[in-house]
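What you see below is based on every heavy atom in this structure, not just the backbone, and it leaves out hydrogens, waters and symmetry mates.
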Amino acid sequence: MSERSLLLALNLDGAGNDPNESASYAQEAELAGFHAVSFSSDGLLDAVQRASFSAPKTQKIALIPVIDALFTEPFHTATQLASLDIISQGRAGWILETQNEGVQAQAVGREILSDHELSTEVADVITTHRRLWDSWEENAVIRDVASGRYLDANKLHYADVQGKSFSVKGPAITPCPPQGQLPIIAPAPLFTDEGLQHCRLNGADVVKLNSVNLDELLAQAQSASRKGAVAIDLDIYLDTATETGAQRLAAQGVQRTERAEFTGTAKQLTEFLARFAEATANPGDQRRHLVHLFPGDLRVDSQVLIEEVLPELKNSNQLAHVGNTLRESFGLPVAKNRFQEAS
């Protein structure tokens with residue numbers, strides 16, 4: 001394979017609600033060579049808080065919170081994500097999810113959306129984020145002591161988004177993020193001809209694929225990677241010296257997720273990751289593709305990954321370079337400010 005295209009992310013939800021634990025695992029993952037760690041809002045602290053705590057304690061690893069796009073205010077999430085990108089110096093991303101369920105909808109006085117409405121609303125939400133992140137030009141902050149001006153008002157712009165169910169005027173209340181536009185990872189079913197698109201100005205950067213069947217997942221990745229960057233999720237239960245991954249999974253008795261499950265040895269996982277890298281390899285395309293790992297037990301599986309899987313992937317030259325920003329790691333082009341381009 002001529003171009004190393006494999007990116008690896010480690011989910012840190014198993015660290016619990018202690019932000020120091022999350023930060024410690026993030027540091028270990030960074031030293032091992034992971035490209036990113038992810039955080040969900042399943043506990044007392046939300047995903048952005050956990051990621052933000054880890055930001056100043058790490059140097060190169062990307063920090064990607066999982067955030068609902070439906071029943072959270074897009075102005076606020078755009079601000080939070082821009083702030084995370086600022087304190088991490090360009091290492092933030094967004095794994096978009098849609099909690100299109102009755103309890104969440106009723107909590108904010110809304111109803112469950114149809115598939116068409118869902119795709120359209122997500123497109124509006126992402127457009128809002130994109131335009132808010134562009135609403136401050138890169139050099140809008142001038143700190144001109146002589147004139148007493150902190151900002152050049154001509155370099156701030158209204159977002160002016162009018163969605164089907166909300167509107168946002170803007171501009172943002174934070175400067176533009178270092179990446180300009182944070183990479184957004186969104187589930188494949190949301191991409192439709194009339195809804196969410198796969199491009200920078202009005203869409204997501206990475207398509208997240210899903211199948212419980214590993215071979216089907218690889219086939220989807222091979223097909224979708226011809227059009228752009230892709231990501232897949234894997235629940236992993238790796239063999240240890242005392243138990244097989246399958247035994248560990250059975251002993252935990254946890255409720256199965258909708259993600260594909262991998263049980264087996266470190267060598268078998270390495271072989272699967274190599275198959276993914278081969279399936280998504282395209283010498284004419286610089287974009288890279290992500291495998292997002294969800295450990296059955298973070299303490300146990302992360303050690304197997306760090307001690308056995310990552311070294312083998314490095315030795316076989318499978319892992320992509322860890323970029324200075326998440327956009328760089330994905331091989332995405334430098335984001336240009338739409339308002340600055342228009343002026």
Side-chain angles (χ1 to χ4, degrees), residues 1-12 25-38 58-64 85 88-95 178-186 198 200 204-209 214 217-218 220-234 236 262 266-267 269-295 302 305-335:
M1 187 171 59
S2 58
E3 174 67 25
R4 296 176 296 164
S5 61
L6 177 63
L7 304 178
L8 283 183
L10 180 67
N11 179 265
L12 299 185
Y25 277 111
Q27 290 170 330
E28 291 182 9
E30 180 174 64
L31 290 173
F34 278 94
H35 300 84
V37 287
S38 68
T58 51
Q59 299 295 322
K60 296 201 70 175
I61 196 165
L63 308 160
I64 315 180
D85 203 48
S88 67
Q89 298 181 318
R91 294 182 285 129
W94 176 17
I95 298 174
Q179 295 181 95
Q181 294 290 329
L182 279 64
I184 298 177
I185 303 168
H198 195 183
R200 181 186 79 85
D205 304 285
V206 184
V207 178
K208 183 162 73 74
L209 307 168
L214 292 175
L217 199 56
L218 287 178
Q220 288 183 25
Q222 184 173 30
S223 176
S225 63
R226 297 169 187 157
K227 301 176 183 178
V230 302
I232 64 171
D233 292 345
L234 281 184
I236 59 167
F262 182 93
K267 183 175 185 297
L269 177 59
T270 304
E271 291 170 350
F272 174 82
L273 295 174
R275 289 174 61 199
F276 173 84
E278 187 64 34
T280 56
N282 182 354
D285 190 341
Q286 297 302 309
R287 284 171 293 196
R288 303 180 186 102
H289 311 284
L290 177 71
V291 178
H292 188 191
L293 302 175
F294 290 76
S302 66
L305 290 167
I306 289 170
E307 294 173 4
E308 300 182 48
V309 176
L310 270 295
E312 181 56 34
L313 290 172
K314 290 178 182 177
N315 290 338
S316 59
N317 205 35
Q318 298 285 351
L319 289 179
H321 169 70
V322 179
N324 292 320
T325 68
L326 184 55
R327 289 190 69 87
E328 185 180 323
S329 288
F330 268 115
L332 298 171
V334 174

So [Y] and [X], do their side chains get closer than 4.5 Å, heavy atoms only?
X	Y	result
Thr58	Arg91	yes
Gln59	Glu30	yes
Leu63	Val37	yes
Leu31	Ile306	no
Val230	Thr280	yes
His321	Glu328	yes

Would one find more than 12 heavy atoms of other residues, nucleotides or ligands at under 6.0 Å from atom CD of Gln27? yes

More than 12 heavy atoms from other groups under 6.0 Å of NZ on Lys314: yes

Contacts of type ring-ring contact (aromatic ring centres under 6.0 Å, His included), residue Phe294, not counting sequence neighbours: His292

Using modelled atom types and a 3.5 Å cut-off, is there a donor and acceptor pairing between side-chain atoms of [X] and backbone atoms of [Y]?
X	Y	answer
Ser225	Gln222	yes
Arg287	Phe330	no
Gln286	Gly331	no
His35	Leu8	yes

For the [atom1] atom of [X] and the [atom2] atom of [Y], what is their distance to the nearest 0.5 Å?
X	Y	atom1	atom2	result
Ser302	Ile236	OG	CD1	9.0 Å
Gln181	Asp85	CD	CG	10.0 Å
Tyr25	Leu10	OH	CG	9.5 Å
Ile184	Ile64	CD1	CD1	12.0 Å

Taking all heavy atoms of [X] and all of [Y], pick out the closest pair and write down the distance.
X	Y	answer
Val322	Phe34	CG2-O, 4.3 Å
Leu6	Ala277	CB-CB, 4.2 Å
Ala281	Ser5	CA-OG, 4.2 Å
Pro311	Leu305	CD-O, 4.0 Å
Leu319	Gly33	CD1-O, 4.3 Å
Arg327	Gln179	N-OE1, 2.8 Å

Below 4.0 angstrom, N of the basic side chain to O of the carboxylate: do Arg275 and Glu271 qualify? no

With sequence neighbours left out, write down each residue that passes side-chain hydrogen bond (donor to acceptor under 3.5 Å, both in side chains) with Lys60, or none if nothing qualifies. none

Sorted by chain and residue number, the side-chain hydrogen bond (donor to acceptor under 3.5 Å, both in side chains) partners of Thr270 (sequence neighbours excluded) come out as none

May I ask you to decide if the ring planes of His289 and Phe276 are parallel, tilted or perpendicular, using 30° and 60° as cut-offs? perpendicular

